[in-house]
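The next block holds one structure in the form of structure tokens; read it before the comments.
For ligands, and for the atoms within them, numbers begin at 1 and follow the listed sequence. Everything quoted here is computed from the prediction, not taken from an experiment.
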Amino acid sequence: MKVAVVGATGLVGTKMLQVLEQRNFPVTELIPVASEKSIGKEVVFKGKAYKVVGFADAIAAKPDVALFSAGGSTSLQLAPQFAAAGITVIDNSSAWRMDATKKLVVPEVNGSVLTAEDKIIANPNCSTIQMVLVLKPLHDKYRIKRVVVSTYQSVTGTGVKAVNQLMNEREGKEGEMAYKYPIDLNVIPQIDVFLENGYTKEEMKMVNETKKIIGDDSIRVTATTVRIPVMGGHSESVNIEFENDFDLNEVRAILAAAPGVVVEDDPANQVYPMPLNAHDKDETFVGRIRRDETQPNTLNCWIVSDNLRKGAATNAVQIAEHLQSVGLL
Ligand SMILES: NC(=O)c1ccc[n+]([C@@H]2O[C@H](COP(=O)([O-])OP(=O)(O)OC[C@H]3O[C@@H](n4cnc5c(N)ncnc54)[C@H](OP(=O)(O)O)[C@@H]3O)[C@@H](O)[C@H]2O)c1
């Protein structure tokens with residue numbers, strides 16, 4: 001299979017190359033694409049160096065699939081050109097996620113919605129992916145009414161510039177700032193820009209994308225998204241109110257059986273998910289599973305996943321794997 005990676009020099013693109021290699025995706029030819037300034041640079045895949053090309057050369061090479069992680073405006077401009085050439089695009093940016101004509105996919109949750117007509121497929125926001133993996137099996141059983149989520153998000157979610165800012169601050173060096181404020185020894189309660197309703201765009205992504213992926217507009221979600229000085233992955237405190245009551249052991253069993261989810265929940269031995277342990281893993285970890293004692297039918301839990309893996313690269317590669325397994329690629 002000929003695979004183009006658009007944004008191959010970026011944080012997600014680099015992870016995409018690693019994930020393609022580690023999951024042994026059947027790549028027969030790799031076509032790395034980046035901006036003009038990177039054309040001719042080399043990226044390494046399976047121990048071999050590949051030269052970065054521009055988008056026109058990539059389209060001319062007719063890949064079967066193009067994995068995009070090059071920002072929203074690049075995707076708006078280039079994805080339709082790839083699709084028009086018959087290339088299936090799996091896009092990591094927010095450009096197409098809420099477009100009613102595009103599918104928003106987490107394969108374990110709604111991979112079955114994909115058809116041969118889907119030439120541009122959207123990969124959801126990282127914080128949403130890890131949350132819906134846990135919500136969907138519980139929704140199927142107990143019907144979710146409302147979700148209250150607060151996130152603790154890694155600097156890797158912002159890209160290379162933010163990782164550099166954190167490291168520079170740790171080493172006492174001056175450098176380019178990805179955030180308005182210092183991130184080391186700090187917590188920033190803003191991810192993406194503010195909207196008129198006082199929420200940030202990241203918060204509204206969690207509200208809207210959750211409904212679209214689970215396919216139920218009645219689920220009410222309210223979110224507070226926060227950047228913290230960690231690298232390994234995103235963490236989320238999630239409060240879920242159901243229509244029906246649940247049994248905690250049954251909840252644990254449902255989550256243990258859910259694809260892509262690992263239950264790490266043993267308070268007696270201080271076992272719970274943490275970004276340090278989730279780093280470079282494809283699974284989503286859930287723990288601190290307990291009843292909210294302040295109202296009926298309500299559960300608290302703590303969800304952690306590597307935002308560059310399941311939150312971005314892994315989910316995109318899994319969409320390609322799914323398309324291949326059902327003969328759509
Ligand atoms: N970081 C995350 O956790 C995460 C999660 C989900 C989704 N995403 C999304 O993935 C995208 C990339 O994020 P990132 O963190 O990897 O950012 P990044 O590290 O800044 O990388 C951006 C990549 O896009 C390339 N690019 C920029 N303009 C381009 C153009 N006109 N044509 C072709 N390539 C172009 C860059 O190439 P040069 O090196 O040549 O500039 C680079 O390879 C964003 O849309 C982001 O929202 C990120």
Side-chain angles (χ1 to χ4, degrees), residues 4-19 31-43 50-59 66-82 89-98 104-106 120-131 151-166 176 178-179 191-193 200-202 205-206 209 225 227-228 230-236 275 278-280 284 304-319:
V5 175
V6 182
T9 51
L11 222 46
V12 176
T14 306
K15 197 58 79 174
M16 208 89 90
L17 297 177
Q18 281 172 21
V19 171
I31 305 156
V33 186
S35 75
E36 292 262 312
K37 74 168 202 274
S38 302
I39 293 176
K41 272 190 190 168
E42 287 186 342
V43 298
Y50 289 82
K51 277 207 166 30
V52 171
V53 300
F55 75 90
D57 285 345
I59 293 174
L67 305 175
F68 268 61
S69 62
S73 53
T74 307
S75 181
L76 281 175
Q77 187 205 337
L78 298 185
Q81 298 184 44
F82 277 70
V89 171
I90 300 171
D91 182 46
N92 261 286
S93 78
S94 57
W96 307 100
R97 289 178 191 155
M98 293 313 295
L104 182 65
V105 175
V106 178
I120 299 177
I121 300 161
N123 209 47
N125 169 260
C126 40
S127 350
T128 310
I129 293 177
Q130 65 184 70
M131 185 169 77
T151 69
Y152 305 68
Q153 296 184 219
S154 156
V155 293
T156 57
T158 315
V160 175
K161 205 170 146 189
V163 173
N164 292 341
Q165 180 184 331
L166 175 61
E176 215 186 348
Y179 307 112
I191 296 186
D192 212 329
V193 295
T200 64
K201 218 168 154 185
E202 181 85 353
K205 285 176 196 168
M206 294 193 79
E209 292 181 21
T225 57
R227 190 72 66 192
I228 61 166
V230 306
M231 298 273 242
H234 293 349
S235 306
E236 299 175 344
H279 181 60
D280 251 348
T284 289
V304 179
S305 193
D306 186 329
N307 52 295
L308 293 178
R309 301 276 302 206
K310 185 57 184 167
T314 299
N315 198 66
V317 173
Q318 285 173 324
I319 292 174

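What sits closest to atom 12 (C) of ligand 1 on the protein, heavy atoms only, is Ser69 O, 3.3 Å. The shortest contact between atom 9 (C) of ligand 1 and any protein heavy atom is with Asn92 O, 3.7 Å. For atom 42 (C) of ligand 1, the closest non-hydrogen atom of the protein is Thr9 OG1, 3.4 Å. Nearest protein neighbour of atom 26 (N) of ligand 1, counting heavy atoms only, is Ala70 CB, 3.8 Å. When hydrogens are left out, the protein atom nearest atom 16 (O) of ligand 1 is Val12 N, 2.8 Å; that is the closest non-hydrogen contact.
Note: no N/O pair closer than 3.5 Å links Leu78 and ligand 1 by distance alone. At least one N or O atom of Gly71 sits closer than 3.5 Å to an N or O atom of ligand 1. Some N or O of Leu11 is nearer than 3.5 Å to an N or O of ligand 1, by distance alone. For a threshold of 3.5 Å applied to N or O pairs, the pair formed by Lys37 and ligand 1 contains at least one separation below that value. Close N/O approach between Gly10 and ligand 1 is found [any backbone or side-chain N/O within under 3.5 Å].
Looking only at side-chain heavy atoms (C-beta outward), Thr284 and Met131 stay at 4.5 Å or farther from each other.
Set against the non-hydrogen atoms of Val160, the atoms of ligand 1 under 4.0 Å away are 19 (O). Those atoms of ligand 1 with a heavy atom of Asn307 less than 4.0 angstrom away are 3 (O). Close contacts between ligand 1 and Ser93 involve ligand atoms 45 (O) [criterion: under 4.0 Å to a heavy atom]. The ligand atoms of ligand 1 that sit less than 4.0 angstrom from a heavy atom of Gly159 are 15 (O). If you number the atoms of ligand 1 from 1 as listed, the ones under 4.0 Å from a heavy atom of Thr156 come out as 1 (N), 2 (C), 3 (O). Below 4.0 Å from some heavy atom of Leu308 lie the following atoms of ligand 1, by number and element: 1 (N), 2 (C), 3 (O). The Ser38 neighbourhood of ligand 1 comprises atoms 38 (P), 39 (O), 40 (O), with distances under 4.0 Å to a heavy atom of that residue. Near Ala312, with a cut-off below 4.0 Å to any heavy atom, the atoms of ligand 1 are 5 (C), 6 (C).
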| query | Taking it one step at a time, do Asn307 and Met231 satisfy side chain to side chain contact (heavy atoms under 4.5 Å, CB included)? | reply | CA-CA 9 Å; Asn307 52 295; Met231 298 273 242; over 6 Å; no
| Step by step, would you call Gln165 with Thr158 a side chain to side chain contact (heavy atoms under 4.5 Å, CB included)? | CA-CA 11 Å; Gln165 180 184 331; Thr158 315; over 6 Å; no
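Residues Val12 and Ser69 share a closest heavy-atom pair of CG1-CB, 3.6 Å. Between Trp96 and Leu76, the shortest heavy-atom contact is CZ2-CA, 3.7 Å. Here the shortest heavy-atom pairing between Phe82 and Ala66 reads CD2-CB, 3.7 Å. When every heavy atom of Glu209 is checked against every heavy atom of Asn125, the shortest pair comes out as OE1-N, 2.7 Å. Taking all atoms of both residues into account, the shortest heavy-atom contact from Gln153 to Ser127 is OE1-OG, 3.4 Å.
Of all the heavy atoms of Thr74, the ones lying under 4.0 Å from any atom of ligand 1 belong exclusively to the side chain.
Protein heavy atoms all stay at least 4.0 Å away from atom 20 (O) of ligand 1. Of the protein's heavy atoms, at least one falls inside 4.0 Å of atom 33 (C) of ligand 1. For atom 24 (O) of ligand 1, a protein heavy-atom neighbour is found at a distance under 4.0 Å.
Between Asp192 and Arg227, no side-chain nitrogen of the basic residue sits less than 4.0 Å from a carboxylate oxygen of the acidic one, so the salt-bridge criterion is not met.
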